[in-house]
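Values in this document were obtained by computation on a predicted structure and should not be read as measured data. Within every chain, numbering begins at 1; the chains are lettered A, B, ... in the order of the sequence lines, protein sequences first and strands thereafter. Note: hydrogens, waters and symmetry copies are ignored here, and every other heavy atom, side chains too, is used.
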Protein chains: 4
Amino acid sequence: MRQKDETKAQHILRATLDEVQVVGLAGLSIEAVARRAGVATGTIYTYFRNKDALLDALYLHTKQKFAAFVFSDEGLPLRAAFTQMAKAYVSYMIENKDEMVFMTQMANSPYVTDETRATVALGVRPATALLERGKAEQLLKPLDTAWMLAFLSGAMGALAPLAAGLPADQQAEFQDAAALLCWDALKA
Amino acid sequence: MRQKDETKAQHILRATLDEVQVVGLAGLSIEAVARRAGVATGTIYTYFRNKDALLDALYLHTKQKFAAFVFSDEGLPLRAAFTQMAKAYVSYMIENKDEMVFMTQMANSPYVTDETRATVALGVRPATALLERGKAEQLLKPLDTAWMLAFLSGAMGALAPLAAGLPADQQAEFQDAAALLCWDALKA
Amino acid sequence: MRQKDETKAQHILRATLDEVQVVGLAGLSIEAVARRAGVATGTIYTYFRNKDALLDALYLHTKQKFAAFVFSDEGLPLRAAFTQMAKAYVSYMIENKDEMVFMTQMANSPYVTDETRATVALGVRPATALLERGKAEQLLKPLDTAWMLAFLSGAMGALAPLAAGLPADQQAEFQDAAALLCWDALKA
Amino acid sequence: MRQKDETKAQHILRATLDEVQVVGLAGLSIEAVARRAGVATGTIYTYFRNKDALLDALYLHTKQKFAAFVFSDEGLPLRAAFTQMAKAYVSYMIENKDEMVFMTQMANSPYVTDETRATVALGVRPATALLERGKAEQLLKPLDTAWMLAFLSGAMGALAPLAAGLPADQQAEFQDAAALLCWDALKA
DNA sequence: GATGAATGAGAGTTCATTCAT
DNA sequence: CATGAATGAACTCTCATTCAT
């Protein structure tokens, strides 16, 4: 018999991501995903309980990949760590536009389970820690951490579409600008 | 002969806004809107060409109402004008949570036509003008205006959910903080 | 080389019978049968051509087991033979509720082939013979034999659900009553 | 607008009954019912919540029509009332073979709700009353009423297929025989 | 203009059966 | 022979839109 193939699950997730770029989350159909993944419709259900579960899984996967790239704490001094995160954020946006589009569309959808939201929230902890360190060192404004995070991620997220089509020679400039704005906004 | 009744169109738009709060944009059905508006399903098609047109119209209407409140240029000095806009943004968010929810859900949907996006963009002109004045006066960083706008509206939009349930006595504080962060981010 | 294993076929038949008790004939899926039997879905197709053939085989098997128990002619005098059959019918119903449920659900289903129906009919021959002997001896009403059989099996079958949950001390009484009614109905 | 048309509901019920004759309960599809009824699939759902509700409604309707014809108490003396019921049962079977087929197939299906079963049970009350009167008058055997009812309806139901194709000149004979057997079975 | 029953394309999902391993 | 992943036709049901009244 054919063994359940995790590669195939990855193919399906990838096909879902690609299909959302083309037709949007609202226009997504399982049949189109299957066609794009090169499998039968029924096969999707071997790997994912239903459409919701597929999208939830893709969201979790995408968010975790994103968080792993952007939110790493490498023990740098505060300002440097902050800047590095901001730059990582921007460069991830530029190089993974499709994932950003997907995450944005999912954020306000009913597909994401509470459990996934909770798990995703954990990935942000390095950023939370960084902000709190900054407040303790009185380098940052003494505001609510959740508040600051929302401000930052909203601002950065809104820049994603602008970052998308950027020529390579302006990317460094873009990163620097974004990092600077974020820092100036929060610094004490 | 009964004339098309603009009051009825308003009822339908309002019902649509309310229904989206409850079931989300993805769960919105014309029949539910009709029921909530107290009209027959067919009647909706007298006032709006189809579902897309209804949502597009509501989006345009909501955005324009929002822009009219927030983006007014009253000839104040730069910093004062900037602060006033930020505060107006926050207070609008707090008092019109349902519209914010709707605008957020629509922003990345296929329902909004390019024409509407263009029209909506016009409403932002006072803010554009303000930012360009600030750059000319060298009070703001010399960045691309569209870039700055995206940054600001992303940041403010992300604060909306946090602003929503805020007790009255913390709203002034919230407004001041938001205005300060935005200013510090952009100031030269 | 492993041979086809008749034990495994029995397991599958048994699992089918059990599964029907739980989900009904309409809710029966091959996968559930396989799971219950502890084999792979594909294995079922080694022993039975398809779902219809599996159910047909189980029906035939169940009917024949039932007939072997109930319809035996042991050369008793007519009334005694008749009573014995009726009692055997009832006691079989009580002790093999699951098979009765299955036979009832199958009786009006499209799964049973004409061939099986014909074969099953043969099992009833001792009862046919008994009734014809009764008619010849003028102890029974001179009605069509098939007619009498239908009457009897319908009546007895309808009592099955009532017999099912009966406490042990009422079973003898139940058997006597059933036998008496059947006899009174048919006797000349 | 078109008013909801109870005639159409009747058409759909009739189409369902007819379709079951051809493909069986297990093979019944909503689309086939719609085609036979001459309406669109969606229209079925204007009149019935879903497939289960359609079948449940048809079952209830069929059972009640049947009960109204067969179980009427017209104050006849016991034996005459009994005989009349038995004959009515048989003649109904002969003239409404399709309904009998449907009722038989539904009886052991998961489609029938408990509520419908309870309502259907009420239709049998005249028969219950008759049997109890017979026991009080000591004309019938002193058995449990539910038990007697099961016996009778099982016996009669089993005769249905035999009654179906009967030439007109044998129907009276068939009715008499059935009534006699039932009476002899239960009489004290 | 208003109504809401009617339409039917298209959605998600199941499941008997096949077949590569 | 045994496995269970893969298949895809077929199912029920929804809902944007139309149209007879």
Nearest to the side chain of [X], which nucleotide is it out of [options]?
X	options	answer
A:Ser29	E:dA11, F:dA5, E:dC15	E:dA11
A:Ile30	F:dT12, F:dT3, E:dG12	E:dG12
A:Tyr45	E:dA6, E:dG12, E:dA16	E:dG12

Item to check | Residue among B:Arg36, B:Arg35, B:Arg14 satisfying salt bridge (Lys or Arg N to Asp or Glu O under 4.0 Å) with B:Glu19 | outcome: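 Single salt bridge (Lys or Arg N to Asp or Glu O under 4.0 Å) partner of B:Glu19 among B:Arg36, B:Arg35, B:Arg14: B:Arg36.
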Checklist entry - When you match A:Gly27 and C:Gly27 each to their closest nucleotide on DNA chain E, which lands nearer the 5' end? => result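 With A:Gly27 and C:Gly27 compared, the 5'-side residue is A:Gly27.
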Checklist entry - A:Asn50 or C:Asn50: which one's nearest nucleotide on DNA chain E is closer to the 5' end? => result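 By nearest-heavy-atom nucleotide position, the 5'-most residue is A:Asn50.
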Rounded to the nearest Å, what distance is computed from the [atom1] atom of residue [X] to the [atom2] atom of nucleotide [N]?
X	N	atom1	atom2	answer
B:Leu55	F:dC15	CG	P	15 Å
B:Lys51	F:dT14	NZ	P	15 Å
A:Arg35	F:dA6	CZ	C1'	18 Å
B:Ile44	F:dA16	CD1	P	10 Å
D:Asp52	F:dC11	CG	C1'	13 Å
A:Ile12	E:dT13	CD1	P	14 Å
A:Lys8	E:dA20	NZ	P	12 Å
C:Tyr111	E:dA16	OH	C1'	10 Å

Counting any heavy atom closer than 4.0 Å, what does [X] reach on the DNA or RNA strands: base, sugar-phosphate only, or nothing?
X	answer
A:Tyr47	sugar-phosphate
A:Thr43	base
A:Leu28	sugar-phosphate
B:Thr41	base

Item to check | F:dT18 pairs with, by Watson-Crick or G-U criteria that keep both distances under 3.5 Å | outcome: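 When the pairing criteria are applied, E:dA5 turns out to be the nucleotide that pairs with F:dT18.
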Next on the checklist: Judged by each residue's nearest nucleotide on DNA chain F, which is more toward the 5′ side, A:Gly42 or B:Arg49?
Outcome noted: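 The residue closer to the strand's 5' end, by nearest nucleotide, is A:Gly42.
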Item to check | Salt-bridge contact D:Arg49-D:Asp56 (side-chain N to carboxylate O under 4.0 Å) | outcome: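 A salt bridge is absent here (no side-chain N lies under 4.0 Å from a carboxylate O).
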Checklist entry - Between D:Thr116 and D:Thr119, does any side-chain donor sit less than 3.5 Å from a side-chain acceptor? => result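 D:Thr116 vs D:Thr119: no donor-acceptor pair found between side chains.
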Checklist entry - Cut-off 3.5 Å, side chains only: do C:Thr43 and C:Thr46 have a donor facing an acceptor? => result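 Judged by distance alone, the side chains do not pair up.
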Next on the checklist: My understanding is that only one of D:Asn96, D:Asp18, D:Val20 makes a side chain to side chain contact (heavy atoms under 4.5 Å, CB included) with D:Phe102; could you say which?
Outcome noted: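 Option passing the side chain to side chain contact (heavy atoms under 4.5 Å, CB included) with D:Phe102: D:Val20.
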